[in-house]
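First the proteins, then the strands, lettered A, B, ... as listed; each starts at 1.
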Amino acid sequence: MNIFALFERRIADVLARLTKAGALPDDLDFSRVVVEPPRDATHGDLSTNAAMVLAKAAKLNPRALADLIAAELKNDPSVVEVDVAGPGFINLTLRDELFYDVLRAIVLDPENYGRGGVAGAGAVNVEYVSANPTGPMHVGHARGAVFGDALAGLLAFAGYPLSKEYYINDAGAQVDVLARSAYLRYREALGEDIGAIPEGLYPGDYLKPVGEKLAETHSTALLGKPEAEWLATVRDTAINAMMDMIRDDLAALNIRHDVFFSERSLAQGKTDEIAATIADLRDRGLIYEGRLPPPKGQPADDWEDREQTLFKATEFGDDVDRPLLKSDGSYTYFASDIAYHYSKFQRGFATMIDVWGADHGGYIKRMQAAVAAVSQGKAELDVKICQLVRLLRNGEQVKMSKRAGEFVTLRDVVDEVGRDAVRFMMLFRKNDAPLDFDLAKVLEQSKDNPVFYVQYAHARCASVFRQAAEGIATLNAAPEALATADYTILADSAERDILRQLAAYPRLIEGAAKSHEPHRIAFFLYELASAFHSLWNKGKDLPQLRFVKLDDVPSTMARLAFVRAVRSVLASGLNILGVTAPEEMR
RNA sequence: GGCCCCGUAGCUCAGUUGGAUAGAGCAACUGCCUUCUAAGCAGUAGGUCUCAGGUUCGAAUCCUGACGGGGUCGCCA
């Protein structure tokens, strides 16, 4: 149950009644009317801007219109008080029973509280990670991986049909380099002294097992042959091995994609889908042979003016038209990416979300242009850019040297601090802001560490139930029993505040899902945890606020329902973010 | 030089898509442990939302311009 959605409907009803009665013109646009919590809680429980938004079109003074609407809302049985304030805000104070209803709803069905707020929405495709299959994942990949996964979890929870995809960049020059690197390891596995790994090949030890596997499968059959004869075989083996490794790395973060889509398969299937996509666009006059102006500003010394095959990205808001073929006639990365996104559209996704690293910012416009073109404007692409992560240990930056083939792998970090810390901290910041990740700090068991702080609040809730069960032999803490408790005892300001936070959860989910911002959940959980810790502490000075009172079962039952609800919402949010909700902290 | 992102308390950051007197956490200062877990809590102090215009009932939020920081700029992926 979502009280904000509830009152959006009730206010819409009021507006409809006023329209019918002739008090409002009948062509008003209600879409800007919102119901939200007032910034200042002393103003009430709900606030609506209806009067201010509609005043102009209704040719009424905002305050006068607010009074009109307020008079109607006073008849609502769940409303205690209606105030018109400021420039025309309508503030509602709700009966406590409404919040008790919320409490009951959570206790009776904790799994589904806040779920499905956007029911009936179209399917969404979330593409994330998409690290090149040329080595293990390093820590730089972690943020996009966690962000994409949490966003997917959030959208699924909110009610969107969803596909989580990984685009395997298994075409292009880099996988040939991978193949050559693996071939070297193959020769090494057969006993040859290969010396130092030449410049331009991947030096990492992680290719040794691939060489050994090749030696096992092919024995000496590939030795001494020209590259053309072994390249494809070695490449496929190496890519498969790399993808197995990447899947393992992702599993360490509890990330599992629904679809792994191969770039190579686009051009290698029965039909060349890249060619087909280009042909489609050409038929619609969106492809032409032409020349591009050289880059402005800093002169490119290797610039060579030549005629090439171009996509009219400028027709869809991009700055320049974009080439589809390299000078050797092969497809550019962009060309296959167009075909890939076309495939998403053909598979029924009108909403696509791509999660990219900060260095791909310049690529957004052309991809959005491409999606608009291939879908004829029927699909939309949102690109979420994850800014860089600075890895620290006690405030000192941890250096990464890619050159020597040494980099901090994602696995190293997860092994050191655990999955929960990595996931939560990566989400405790907006995706488009840079992030410092301190390996020492996230292991601290203190309030300075948000992961711990939130998990501890959940563990404390569990602890209350253990205490209650120990102290009251006859206790029945089943949901049905908790749901019938008398909640009127929950009258302290701290308790009332938390009840309002719990009531705001469905609205939070909806907003976070619609704006593609999972970090909002992390911050909400932090605030809820903080409020709960605070209430817990209040019980030290004020014994009447303690959750468990051995001599007062009715009040204990009400408090247990309350704690159960807090715990369920904490667990629900943590679950969406993919962070565990522990019973106790050890 | 073009384009994209960012600029909010001393520091690190939120700010519910345009709402009311801009909020947290660190750090600083003052308190609180015979207590349902002090692994914590309460309080004080801290602001020209980088600057200048504009849009309107109303701007940290939207538009324009400047300044500062980062990213990126045909035939890499």
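One distance of note links CD of Glu510(A) with CZ of Phe157(A); it measures 11.5 Å at 0.5 Å rounding. From Tyr505(A), atom OH reaches atom CG of Leu570(A) across 9.0 Å, with rounding to the nearest 0.5 Å.
Checking the phosphate oxygens (OP1, OP2) of rA77(B), a side-chain nitrogen or oxygen of Lys326(A) falls inside 4.0 Å. A sub-4.0 Å separation between OP1 or OP2 of rC76(B) and a side-chain N or O of Thr332(A) is absent.
Aromatic rings from Tyr340(A) and Tyr167(A) are positioned such that their centres are separated by under 6.0 Å.
rA42(B) sits 14 Å from rC33(B) when the C1' atoms are compared, rounded to a whole Å. Comparing rG46(B) with rU56(B), their P atoms are spaced 37 Å from each other, to the whole Å. For the P atoms, the distance from rU61(B) to rU17(B) is 15 Å, rounded to whole Å. Comparing the C1' positions of rA27(B) and rC36(B) gives an interatomic distance of 32 Å, to the nearest angstrom.
In this entry the distance linking CD of Glu36(A) with C1' of rA20(B) reads 10 Å, nearest Å. What separates CG of Asp497(A) from P of rA42(B) is a distance of 12 Å, to the nearest Å. In this structure, the CG atom of Asp318(A) is 13 Å from the C1' atom of rU72(B), given to the nearest Å. Taking atom CG of Leu310(A) as the reference point, atom P of rC75(B) lies 12 Å away to the nearest angstrom. Atom-to-atom, CG of Asp321(A) to C1' of rC75(B) comes out at 16 Å; the value is rounded to the nearest Å.
Side-chain contact annotation: Gln387(A) with Asp432(A), donor-acceptor N/O pair under 3.5 Å absent.
rU17(B) has its base syn relative to the sugar, with a glycosidic angle deviating from 0 by at most 90°. Glycosidic torsion of rC33(B) falls within 90° of 0, placing the base in syn.
Within 4.0 Å (heavy atoms only), Lys514(A) reaches no atom of the nucleic acid at all. Among the atoms of the strands shown, only primed sugar atoms or phosphate atoms (P, OP1, OP2) are found under 4.0 Å from some heavy atom of Ala171(A). As judged by a 4.0 angstrom heavy-atom cut-off over every strand, Val548(A) is placed among the base-contacting residues. Contact annotation for Arg460(A): backbone-only contact, meaning every heavy-atom pair under 4.0 Å involves sugar-phosphate atoms and none involves a base. Across all strands, Ala85(A) comes closer than 4.0 Å to base atoms (heavy-atom distances).
The nucleotide rC26(B) finds its pairing partner in rG10(B), both defining distances of the Watson-Crick or G-U wobble pair being shorter than 3.5 Å. Across all strands shown, rU16(B) forms no Watson-Crick or G-U wobble pair with both distances under 3.5 Å. The partner of rC41(B), taking Watson-Crick or G-U wobble pairs whose two distances both stay under 3.5 Å, is rG31(B). Both distances falling under 3.5 Å, in either a Watson-Crick or a G-U wobble arrangement, place rA52(B) opposite rU64(B). Nucleotide rC3(B) has rG71(B) as its partner under the Watson-Crick or G-U criteria, with both atom distances under 3.5 Å. Base-pair partner of rG58(B): not found among the strands shown (Watson-Crick or G-U wobble, both distances under 3.5 Å).
A salt bridge is absent between Asp438(A) and Arg393(A); no separation between the charged side-chain nitrogens and carboxylate oxygens falls under 4.0 Å.
In this pair, Phe89(A) lays its aromatic ring flat on the base of rA20(B), centres within 5.5 Å and planes under 30 degrees apart. Remark: ring of His43(A) stacked against base of rA20(B); centroid gap under 5.5 Å, plane tilt under 30°.
A donor-acceptor contact under 3.5 Å is formed by the side chain of Ser47(A) with the base of rA20(B). Between the side chain of Arg39(A) and the base of rU21(B), no donor-acceptor pair under 3.5 Å is found. Side-chain N/O atoms of Asp170(A) and base N/O atoms of rA77(B) include no donor-acceptor pair closer than 3.5 Å. For His519(A) against rA14(B), a side-chain-to-base donor-acceptor contact under 3.5 Å is absent.
You'll find that the side chain of Met585(A) is closest to rA39(B), out of rA39(B), rU17(B), rC36(B). Counting only heavy atoms from C-beta on, Lys430(A) has its side chain closest to rG7(B) among rG19(B), rG7(B), rG40(B). Distance from the side chain of Met52(A) is smallest to rC57(B) among rA42(B), rC57(B), rU16(B). Distances from the side chain of Phe452(A) to the nucleotides rG74(B), rA39(B), rC57(B) place rA39(B) closest.
For Arg32(A), the CZ atom sits in a loose shell: 12 or fewer heavy atoms of surrounding residues, nucleotides or ligands are nearer than 6.0 Å.
Comparing Leu388(A) and Gly539(A) by the nucleotide of RNA chain B whose heavy atom lies nearest to each, the residue mapping closer to the 5' end is Gly539(A).
The salt bridge (charged side-chain N to carboxylate O under 4.0 Å, His left out) test with Lys344(A) singles out one residue from Glu165(A), Glu127(A), Glu273(A), Glu380(A), and that residue is Glu127(A).
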